[in-house]
Amino acid sequence: MTTSVAKPSSLPHALLRAGFPFLATLGMRRVTTYPMDIVMGDDDKLFVLCRADSPGLGGSNIRRTNWDDEDLDIIGGGRLLWPVQMIRDAAGTLYVSDEGSHQIIKVNQDGTDAGEWGEEGSGEGHLNRPSGIAFDADENLLVVDTLNHRIQKFNKDGMYISGFGTKGSGPGEFDMPWGITVTGEGDILVVDWHNDRVQKLAADGEFIMEFGSSGSGDGEFKRPAGIEIDHHGDIYVADRGNNRVQQFAPDGRYVDKFIGDATLSKSGETYVRANPAVLRNREMANTEQQKRFRGPAALRFDDQGRMYVPDFGSHRIQVYKKQAYPLTPKEIAPVPNHPTLYTV
């Protein structure tokens, strides 16, 4: 397992999307409590960013686990107030945006302190409730400065480089933005939370396109949060208010959605089997509803095409596996330039 999925510098001509089956459930309540984000670590470890019920109570932390669903240990405890997202750099250092402290907090994978930076305010280089974070090609850190309605760029030590964005609903404007990711070409995708849309911008903030609108239909959003791009260039948005993840083609065209298909995890099954009252409640439950997502705020990919969705309200990680194949111009017919009439 590698650290993160490589963003394609050029997109395939077309894509055969063969399927996207559910693969596994990891974690459980009391372990991966209120998971906000996940990072693929070294030695097949998984780092799950867990958020406390309320800021400042000391319950937020980073839980280390693995594909055997083992509870390895906790790191970052006592440093995180109200964490939002987590990424890692090429050296393996973890970076966490913490809207409670208005800081970016750095943690080594062994749990040791790697520093922090950030200061509350609205001036250049200040932060007010930072949320989404992403690296550009030079490993400068792009930070979504949510309540200042802008994107700011810093080096990894917190030195301010540049920024763009103002409050509004027009092209290139934001209203409480949240998620962010960078394409292989260096363009930036920003989830514009309060405007229920995704905007694509050049590295300097110049508007390129947008997709999405308010609602619950296909391609619509209700307070979207995290965003990610897979190794084919497909775009995925955690449509948090609609309790789902939506998939889009690179041009913003709606492709598919995921609503949750969880089974009991290994750790969850061990816990349930050891508690007769819990077993009885499970036996009497509507298990169809228990499979579904509840408020997912992020999603991540590994290099094997596995999509990890932190299922915030159900305290677990749901994992899917993409099956898709790039196509050349010789393998697929051209895009039709006129509508085709089908008759029965």
Side-chain angles (χ1 to χ4, degrees), residues 5 15 17-29 32 34-38 48-49 51 84-85 131-132 144 176-181 189-200 210-230 232-265 285-302 305-324:
V5 61
L15 196 63
R17 298 178 178 89
F20 220 130
F22 175 78
L23 186 62
T25 302
L26 303 172
M28 60 170 287
R29 191 180 181 96
T32 51
Y34 292 118
M36 288 293 292
D37 209 345
I38 185 169
V48 183
L49 182 64
R51 191 164 177 166
V84 181
Q85 287 204 319
S131 55
V144 179
M176 299 178 68
W178 185 313
I180 189 169
T181 192
L189 290 167
V190 179
V191 175
D192 196 359
W193 184 83
H194 208 261
N195 283 323
D196 289 322
R197 65 181 178 180
V198 173
Q199 295 196 68
K200 184 177 183 179
E210 67 176 70
F211 60 90
S213 59
S214 298
S216 58
D218 293 346
E220 297 177 336
F221 299 120
K222 182 179 179 182
R223 301 301 182 257
I227 187 168
E228 188 59 287
I229 303 172
D230 71 13
H232 297 124
D234 280 348
I235 302 165
Y236 303 77
V237 181
D239 188 10
R240 194 174 192 189
N242 283 320
N243 299 301
R244 64 187 182 182
V245 170
Q246 295 199 73
Q247 177 186 4
F248 299 85
D251 62 1
R253 173 178 52 86
Y254 171 81
V255 173
D256 202 353
K257 62 177 171 284
F258 306 85
I259 61 174
D261 298 275
T263 57
L264 271 177
S265 64
N286 177 348
T287 56
E288 192 275 335
Q289 289 299 318
Q290 293 188 12
K291 297 188 296 185
R292 304 307 180 206
F293 289 133
R294 291 199 292 164
L299 62 121
R300 301 293 180 185
F301 277 86
D302 65 19
R306 294 184 293 207
M307 179 175 72
Y308 300 73
V309 183
D311 191 359
F312 178 84
S314 293
H315 313 283
R316 61 194 175 192
I317 312 297
Q318 296 201 42
V319 188
Y320 293 78
K321 177 70 177 291
K322 186 179 188 181
Q323 297 174 353

Note, Pro224 side chain near Asp196 side chain (heavy atom, < 4.5 Å)
yes
Given side chains that start at C-beta, do those of Arg292 and Asp261 come closer than 4.5 Å, heavy atoms only?
yes
Identify whether the distance between the nearest side-chain nitrogen and carboxylate oxygen of Lys257 and Asp239 falls below 4.0 Å.
no
Heavy-atom pair of closest approach, residues Asn242 and Ser216
OD1-CB, 3.6 Å
With distance as the sole test, does Gln290 use its side chain to make a donor-acceptor pair with the main-chain N or O of Ala262 at under 3.5 Å?
no
Look at the aromatic rings of Tyr320 and Phe293 and report parallel, tilted or perpendicular, splitting at 30° and 60°.
tilted
Going by atom types alone, do Arg316 and Thr25 pair a side-chain donor with an acceptor below 3.5 Å?
no
Where the side chain of Asp251 meets the backbone of Arg253, is there a donor-acceptor pair that is under 3.5 Å apart?
yes
If you take all heavy atoms of Val245 and Met307, which pair is closest and at what distance?
CG1-SD, 4.5 Å
Parallel, tilted or perpendicular: rings of Tyr236 and Phe20 (30°, 60°):
perpendicular
Heavy atoms only: give me the nearest Val319-Leu26 pair and the separation to one decimal.
CG2-CD1, 4.3 Å
Should Ile235 and Phe211 count as side-chain neighbours, where that means a heavy-atom distance under 4.5 Å?
yes
Given 3.5 Å as the limit, does a donor-acceptor pair link the side chain of Glu228 with the main chain of Ala238, or not?
no
Once you round to the nearest 0.5 Å, how far does NE2 of His194 lie from CE of Met176?
6.5 Å
Taking the side chain as C-beta and beyond, is there a heavy-atom pair between Pro250 and Asp234 under 4.5 Å?
yes
Grab the two heavy atoms, one from Pro35 and one from Val48, that are nearest each other, plus how far apart they are.
CB-CG1, 3.7 Å
Exam field: side chain Gln246 to backbone Val237, donor-acceptor pair closer than 3.5 Å
no
Is there a side-chain contact between Phe301 and Arg306, using heavy atoms and a 4.5 Å cut-off?
no
Shortest non-hydrogen contact from Ala298 to Val309?
O-CG1, 3.9 Å
Considering all heavy atoms of both residues, which atom of Lys322 and which atom of Leu15 are nearest to each other, and what is their separation?
NZ-CD2, 3.9 Å
Quick one: list whatever passes side-chain contact (heavy atoms from CB on, under 4.5 Å) with Ser131, sequence neighbours left out.
Val84, Val144, Thr146, Trp178
What distance do Phe258 atom CZ and Leu299 atom CG have between them, rounded to the nearest 0.5 Å?
9.5 Å
Compare all side-chain heavy atoms of Gln247 with those of Arg17 and state whether any distance is below 4.5 angstrom.
yes
Tell me, do Arg240 and Phe312 make a side-chain contact under 4.5 Å, heavy atoms counted?
yes
Euclidean distance, Lys291 NZ relative to Asn286 CG, rounded to 0.5 Å:
9.5 Å
